[in-house]
Amino acid sequence: MSGFGAEEDAVDRSVHSPRAALSGASWTTSARHADNGCMADQPSRVPIPGSERLGPAHEPVGACDPTDVATVTVYLRGSDGEPATGRLSREEYASTHGAAPGDVDAVRSFAAAHGLSVGAVDLARRSVELTGSLGSLSTAFGTTLTVYRAPDGVEYRGREGSLSVPSELGGVVTGVFGLDARPQARPHFRPRANARSQYAPPQVAAAYTFPTGLTGTGECIALIELGGGFRSADLTAYFSQLGLSEPTVVAVPVDGGSNSPGTPDGPDGEVMLDIEVAGSVAHGATIAVYFAPNTDQGFIDAVTSAVHDTNHRPSVVSISWGSAESTWTAQAMNQMEQAFTAAAAMGVTVTAAAGDNGSTDGATDGLQHADFPASAPHALGCGGTRLEIAGGVISSETVWNDGPGQGAGGGGISDVFPVPDYQHAASIPPSANPGGRVGRGVPDVCGDADPDTGYTVRVDGQTIPIGGTSAVAPLWAGLIALLNQGLGRPVGYLQPFLYSSTGAAALHDVVTGSNGAYTAGRGWDACTGLGSPNGAALLKALSSTSSP
């Protein structure tokens, strides 16, 4: 895939001590000099907590052109804190927990003082877009911007150190995104031309006993995509071959992203895998695909746009992109988790792929890493298995691990987030890293991800087998759409139910295999979580429960 190696390198060394940043540590900017004309010291300023990051690992080319124009997204605090998990409508959430108009006015005054124009304001998302020259933006947020060149020749804008705002905006601004444009995430999919076997998604769904007689009618599944695209002709041919009606698929642009199909070995494979897996499981649902640039700004804006979308109103959001927690700033992780918390309050489930590089998550520092956003407490982390099907039923299921460099299901212990309440009884083990920290365990659930037992996917006119935990997130998203239709209500924040004895009994416990530093066993483990789905049992168990 063109540029993939450079993209992976760019996300490997970009942030410093996210755990410390999340705990509220203060930072000093390491780039407080104005030799490129992009920054000037400002009196009475405070750092934005968690905005600290290291410069990219790539070659610095030189100072940014201060006359170039960019748009940043400023996120604000909520007007009434975070609600408990419930069933607020999107409109109710916006009115009670969105940004306060007074805080928006304060940002408007700040923008005017720095020669920035105010664009879209979204109280529900708590976001304000500001546009201006890079020189003005650098001065406004107290940073220096530099151009870097990746090995494939692609140049992009980066920064190091922390961001700051005038003291009157301290506590008001929770994050600023768009100054740094380095690639943030990678897609968790694995094509394999010589796969030993491959299954159509309905075969996998049938083996996992997904409820029959349900199609997801009335539901909307949101897919987050940071590149690539789909071709309508491929979708028509694919669903026709499966004998299924074609789902309604709509592209939703975010931050200038668009449906831009390219080649099968690029991100098109991710996009088509997501659409075809979710769509063939729940072909009666609408599939809304949110396309955004592969930056922290694009990723976060796509997620908040989907969660608060009052047009398509997704009941489940599926995310197949991510990277090790160590590659994220704390402000970005906080902002994403706030979006997932809002989703839970509105009855929206978020599924996230746990990664395809085993317990290291592809990092080369000798440590184990959980993948984010799967490690966010309000995301349903989806790990990977090798699934063998015989006679339409599961004949065996083990942890996906094809060996070094070949791919393995991600999973482990978060270095950032503490153990959430729903995992307190799950006997989360200490991290395999020095210090043995006990934190949020990843994944929560699992499903077929080994490309050697992968999914038949049509992409850019070709039919190829594809695996990866990228397939598991939309598989679970499709199942949740079926459950929502069958129950007549959204299952929403599903984790507390799944970790109950009733919920765990509706899963297939996977007890064999390892993803590197962690080994599967009875109950929850850091390879396959609680297990793979038994869809009919889940529907029955949820039907007897008033709320997940």
**Prompt:** With a 4.5 Å limit on heavy-atom distance, are the side chains of V348 and F340 in contact?
**Reply:** no
**Within-4.5 Å side-chain heavy-atom neighbours: E155 and V61** = yes
**Prompt:** Within a strict 4.5 Å, meaning less than it, do heavy atoms of the H378 and V350 side chains meet?
**Reply:** no
**Q495 to L380 - nearest heavy-atom pair and separation** = NE2-N, 3.5 Å
**Fill in**
Which of H58, R149, R182 passes side chain to side chain donor-acceptor pair (under 3.5 Å) with Y156? It is H58
**Asked** Within the side chain of T304, is there an N or O that forms a donor-acceptor pair under 3.5 Å with the backbone of I300?
**Response** yes
**Request:** Verify whether one side chain among E129 and T71 offers a donor that lies under 3.5 Å from an acceptor in the other.
**Result:** no
**Message:** Checking R77 now: which residues fulfil salt bridge (Lys or Arg N to Asp or Glu O under 4.0 Å) with it, not counting sequence neighbours?
**Reply:** D103
**Message:** My understanding is that only one of Q338, R125, Q331 makes a side chain to side chain donor-acceptor pair (under 3.5 Å) with Y75; could you say which?
**Reply:** R125
**Prompt:** Between T295 (side chain) and P183 (backbone), is there a donor-acceptor pair under 3.5 Å?
**Reply:** no
**Request:** Would you give the length of the straight line joining atom OH of Y493 to atom OG1 of T341, rounded to the nearest 0.5 angstrom?
**Result:** 7.5 Å
**Asked** Regarding E225 and W321, is there a side-chain donor-to-acceptor distance under 3.5 Å anywhere?
**Response** yes
**Item:** Side-chain heavy-atom pair L54, E160 within 4.5 angstrom cut-off
**Value:** no
**Request:** Name all residues meeting the ring pair (Phe, Tyr, Trp, His ring centres under 6.0 Å) criterion together with H369; count only those two or more places apart in sequence or in a different chain, and write none if there are none.
**Result:** none
**Request:** Would you please test I48 and V165 for side chain to side chain contact (heavy atoms under 4.5 Å, CB included) and show each step?
**Result:** CA-CA 7 Å; I48 299 173; V165 290; 3.9 Å; yes
**Message:** salt bridge (charged side-chain N to carboxylate O under 4.0 Å, His left out) for D415 and R440? Distances and angles first, verdict last.
**Reply:** CA-CA 8 Å; D415 287 327; R440 153 78 159 131; over 6 Å; no
**Request:** State whether the side chain of T349 and the backbone N or O of G492 hold a donor-acceptor pair below 3.5 Å, judged by distance alone.
**Result:** yes
**Message:** Quick check: closest heavy atoms across V147 and A63, and the distance to 0.1 Å?
**Reply:** CG2-O, 4.1 Å
**Message:** Looking at Q184, is its backbone amide N or carbonyl O close enough to the side chain of S323 to form a donor-acceptor pair, meaning the two atoms are under 3.5 Å apart?
**Reply:** yes
**Fill in**
When rounded to the nearest 0.5 Å, the distance separating CD1 of I428 from OG of S414 is 11.0 Å
**Request:** Begin with the C-alpha distance, continue with both residues' side-chain angles, and end with the deciding distance and a verdict on side chain to side chain contact (heavy atoms under 4.5 Å, CB included) for N259 and V289.
**Result:** CA-CA 9 Å; N259 176 27; V289 190; over 6 Å; no
**Request:** With rounding to the nearest 0.5 Å, note down the distance linking CG in L273 to CG in D268.
**Result:** 12.0 Å
**Request:** Using atom types as modelled and distance alone, determine if a side-chain donor or acceptor of R108 lies under 3.5 Å from a backbone N or O of V118.
**Result:** no
**Message:** Under 3.5 Å, is there a donor on one side chain and an acceptor on the other for S375 and E325?
**Reply:** yes
**Asked** Does a donor on one side chain sit under 3.5 Å from an acceptor on the other, for D301 and Y290?
**Response** no
**Asked** Using a distance-only test with no angle check, is there a side-chain donor-acceptor pair under 3.5 angstrom linking D122 and S127?
**Response** no
**Request:** Check A379 against A352 and note the closest heavy-atom contact, atom names and distance.
**Result:** CB-CB, 4.3 Å
**Complete:** OG of S326 to CG of D365, rounded to nearest 0.5 Å, is 6.0 Å
**Message:** Could you tell me if the side chain of L498 sits less than 4.5 Å from the side chain of V445, heavy atoms only?
**Reply:** yes
**Asked** Once the angle between the rings of W328 and F299 is folded into 0 to 90°, is it parallel (under 30°), tilted (30 to 60°) or perpendicular (over 60°)?
**Response** tilted
**Message:** What verdict does the side chain to side chain contact (heavy atoms under 4.5 Å, CB included) test give for L116 and T131, after you've listed the backbone C-alpha separation in whole Å, the side-chain angles of each residue and the deciding distance to 0.1 Å?
**Reply:** CA-CA 6 Å; L116 307 176; T131 300; over 6 Å; no
**Asked** Rounded to the nearest 0.5 Å, what separation is found between the CD1 atom of I287 and the CD1 atom of I221?
**Response** 4.0 Å
**Asked** Parallel, tilted or perpendicular: which describes the rings of Y93 and H308, with under 30° parallel and over 60° perpendicular?
**Response** tilted
**Asked** In a check of side-chain contact (heavy atoms from CB on, under 4.5 Å) between S320 and each of P187, C382, P474, which one passes?
**Response** P474
**Prompt:** Which heavy atom of P490 sits nearest a heavy atom of G347, and at what distance?
**Reply:** CB-O, 3.2 Å
**Item:** Ring centres under 6.0 angstrom apart (H114, F141)
**Value:** no
**Prompt:** Hey, does the side chain of R45 reach the backbone of P47 with a donor-acceptor pair shorter than 3.5 angstrom?
**Reply:** no
**Asked** Between the main-chain N or O of A100 and the side-chain N or O of S79, is there a donor-acceptor pair closer than 3.5 Å?
**Response** no
**Donor-acceptor side-chain pairing of Y499 and Q423 below 3.5 angstrom** = yes
**Request:** Spell out, as yes or no, whether a donor-acceptor pair under 3.5 Å connects the side chain of D152 to the backbone of V154.
**Result:** yes
**Passing option when H188 is tested against D356, D371, T469 for side chain to side chain donor-acceptor pair (under 3.5 Å)** = D371
**Asked** Has the side chain of S109 got a donor or acceptor atom that lies under 3.5 Å from a matching backbone atom of D105?
**Response** yes
**Asked** Are any side-chain N or O atoms of R90 and backbone N or O atoms of A124, one a donor and one an acceptor, separated by less than 3.5 Å?
**Response** no
**Request:** Kindly give the heavy-atom pair with the smallest separation between S133 and P66, and that separation in Å.
**Result:** CB-O, 3.2 Å
**Spacing of CD belonging to E270 relative to CG belonging to L223, to within rounding of 0.5 Å** = 9.0 Å
**Message:** Go through it in stages, so that I can follow the logic: the residues are I224 and V303, the test is side chain to side chain contact (heavy atoms under 4.5 Å, CB included), and I'd like the CA-CA distance, side-chain angles, deciding distance and then a yes or no.
**Reply:** CA-CA 7 Å; I224 305 300; V303 169; 4.2 Å; yes
**Prompt:** Are R157 and D180 close enough that some pair of their side-chain heavy atoms sits under 4.5 Å apart?
**Reply:** no
**Prompt:** Under 4.5 Å between any side-chain heavy atoms of R313 and T310, yes or no?
**Reply:** yes
**Asked** Is the closest side-chain donor-acceptor distance between T73 and Q297 under 3.5 Å?
**Response** yes
**Request:** Report yes if some heavy atom in the side chain of L530 is under 4.5 Å from a heavy atom in the side chain of D444; otherwise report no.
**Result:** no
**Request:** Determine whether the side chains of E52 and T329 contain a donor N or O and an acceptor N or O closer than 3.5 Å.
**Result:** no
**Message:** Applying side-chain hydrogen bond (donor to acceptor under 3.5 Å, both in side chains) to E219 and T286, what does each step give before you reach the verdict?
**Reply:** CA-CA 6 Å; E219 303 297 318; T286 295; over 6 Å; no
**Item:** Minimum heavy-atom distance between A374 and A354, given as atom pair plus value
**Value:** CB-CA, 3.8 Å
